[in-house]
Protein chains: 2
Amino acid sequence: MAGREAGSADGRGAGRPGRAGRGAGAEVVPAPGRASAAEVAPVPGSAIRSNEAPTFALPPAVEMLWGVRERSSRGPRRGLSLERIVAAAIDVAQAEGIGGLSMGRVAAELGAATMSLYRYVSAKDELLMLMVDTAMGPPPGPRLSDDGWRAGLSRWAQGARASYQRHPWSLRVPITTPPLGPNMVAWMDDGLRCLAGTPLSEQEKLSSVLLLSGFVRNEATLSLDLRTAASDGHIMPGYGAMLGRLINPATFPSLQRAIDSGSLDDDDDMDSEFDFGLARLLDGIAVLAERPDVPPG
Amino acid sequence: MAGREAGSADGRGAGRPGRAGRGAGAEVVPAPGRASAAEVAPVPGSAIRSNEAPTFALPPAVEMLWGVRERSSRGPRRGLSLERIVAAAIDVAQAEGIGGLSMGRVAAELGAATMSLYRYVSAKDELLMLMVDTAMGPPPGPRLSDDGWRAGLSRWAQGARASYQRHPWSLRVPITTPPLGPNMVAWMDDGLRCLAGTPLSEQEKLSSVLLLSGFVRNEATLSLDLRTAASDGHIMPGYGAMLGRLINPATFPSLQRAIDSGSLDDDDDMDSEFDFGLARLLDGIAVLAERPDVPPG
DNA sequence: GTTCTACTGCGTAGATGGTACGCAGATCTA
DNA sequence: TAGATCTGCGTACCATCTACGCAGTAGAAC
């Protein structure tokens, strides 16, 4: 097993309770398109946890991102900022992969002490979420000339893919919450916008965008894995040949055919793989979008 | 950030070299449908690494799985076996999630010492791969009455989904290599088999199965995430409502429409989500499968 | 049977890394 | 100016992976 750089937080924390909602707060440029702080109903702190009405507590740092939650100006001037921390963390991840990302490493990058970071971020996982949202960047948005849902979604997918390619490490961060960051939410909105003119129901639009987003992420991950494996000089080059030696042609006839056709050894065809999948998906959505029936919505 | 249980090995090993191909070997019931040991060309050890002809070195334990590599019967009788270790590890993962899976924990389960495991598995990652392959189990295989590629692939996808649902932790193991285990390979073959009667080229068949498999995995992961988040009493219940309070309707109009339609709050509709995505994909593949043109293959 | 030796389990120890806790000092409010 | 509040961060503590090497075991070779 060479190519490491896997998931992030191994489930520590099973140990002691921990008071959870500690350090957090930072001056953050409020996300564009947010509801201003005043318009937002106060979010109950995570300390309050009645077991009836489910209270949805955002991670404090995420509230910062959205511009909710001002902080008092008491105390010494802050030496760091959420943005600087996230930026430094992204630098580290970019250079050394998720595996090389440790709180200590990020702190060193900033010339600060490890524990300083915990004034801005309550746990490493939170930092990871912020990093991913930042790395994703804003969605492509509408074109001047609207050229239909298919072209729009295609551009959307290509854009998302490009984002992943620019920040491969973000694919190594497991998704554990629905999209919460401003950028993620903006991407969601943008995808839905592409389908706005179609007869799809809201539910169908949502499902379609979710489907597409999963596809893009998956494809990007696969592509990254291939590249990683290849650059390790490991298994991937000649994967087909290796399988061919392992398997028994009689028992895996279909796979054998694929191997014989050489389809498995065409390296670096992840572009066409992506195009193929995207086309299939859009074709599938088209069946709904171009149906003659009357839509429910 | 409550619900941990994230990735597995954080990228240690960046430290010292390590001699990599150490302890491994076990009596393993050879996988069905394998090429017998005799038929298989010897696989060069990972020590040999000429930089020309790319040598594809399998992890030793995987070679065990395939029935290649006999071990000498010298030395004391072994107290453990790969299978027992993998089974114990799966038990632990099943009960406590990937986050609860440590080599020490597995060893304790077996009444052995931590380091004993390293006689059977060269690293934790290797164990994870074996666990995933085992958990996946064999593919559904052909039905007596062949009812077409669409029904076949549908069954295939449903089966894969069921496997993931039986072993949710397997979704938390990041994929870092192409499918190597006997079960994984069998699933691949089975998917291709479903498409055998269609006019798709080998490349297209392969791409389709890959696409589908990515979809299933993604959908299962999403579903698991939702369930995890919900059972933590966390964000998911009322995600739509929360987003509604965060965003500005004017800036995210499409998303706002989706929220207003209530589509975001329909919990536990991952089944229909899966069905929707699967239908879209199969529709997309159908465009190829039922085209009148002459196939290239 | 005796010796050789590959192989076994596993104790020890090093390294890495997340993060609770609490102190000393800074800055704002009253 | 006193107190409240917040800041950076040093000091542990703990979990975890895994390299190393010892002592003992069981076939093989003679």
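Every chain is numbered from 1 and lettered A, B, ... according to where its sequence line falls, protein lines coming before strand lines.
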* Measure from CG on B:L101 to P on D:dT16 and round the result to the nearest Å. => 10 Å
* B:S102, nearest nucleotide to its side chain (from C:dG17, D:dT16, C:dT27) -> D:dT16
* Using a 4.0 Å heavy-atom cut-off across all strands, classify B:A107 as base, sugar-phosphate, or nothing. => nothing
* Do the non-hydrogen side-chain atoms of A:V185 and B:L243 ever get within less than 4.5 Å of each other? -> yes
* **Of the listed nucleotides C:dT12, D:dC17, C:dC28, the one nearest the side chain of B:M103** => D:dC17
* Provide, to the nearest angstrom, the distance between the OH atom belonging to A:Y120 and the C1' atom belonging to C:dT19. => 17 Å
* Asked: Over how many whole Å does the gap from B:L127 atom CG to D:dT16 atom C1' extend?
  -> 14 Å
* To do: For the residue pair B:S213 and B:R217, confirm or rule out a side-chain donor-acceptor distance under 3.5 Å.
  => no
* Asked: Rounding to a whole Å, what distance do you find between B:R119:CZ and D:dA23:P?
  -> 15 Å
* Looking at D:dG8, C:dT19, D:dC17, which one has an atom nearest to any side-chain atom of B:K124? -> D:dC17
* To do: Using atom CE of B:M115 as one end and atom C1' of C:dT8 as the other, report the distance to the nearest whole Å.
  => 13 Å
* Structure fact -> In this structure, CG of A:L224 is separated from CD of A:Q165 (nearest 0.5 Å) by 9.5 Å
* Structure fact -> Here the distance between atom P of C:dG9 and atom CD1 of B:I85, to the nearest Å, is 8 Å
* **Nearest-Å distance for atom pair CD1/C1', residues A:I98 and C:dG17** => 15 Å
* From CA spacing to verdict: side-chain contact (heavy atoms from CB on, under 4.5 Å), A:I175, A:V132 -> CA-CA 10 Å; A:I175 302 171; A:V132 169; over 6 Å; no
* Classify the nucleic acid contact of A:R77 as base, sugar-phosphate or nothing, counting any heavy atom under 4.0 Å across all strands shown. => sugar-phosphate
* Which nucleotide in the list C:dG9, D:dT18, C:dT19 gets nearest to the side chain of A:Y118? -> C:dT19
* The single option from B:D125, B:L65, B:L180, B:I85 passing side-chain contact (heavy atoms from CB on, under 4.5 Å) against B:L130 -> B:L65
* Structure fact -> When rounded to whole Å, the CG to P distance for the pair A:L128 and C:dG17 reads 14 Å
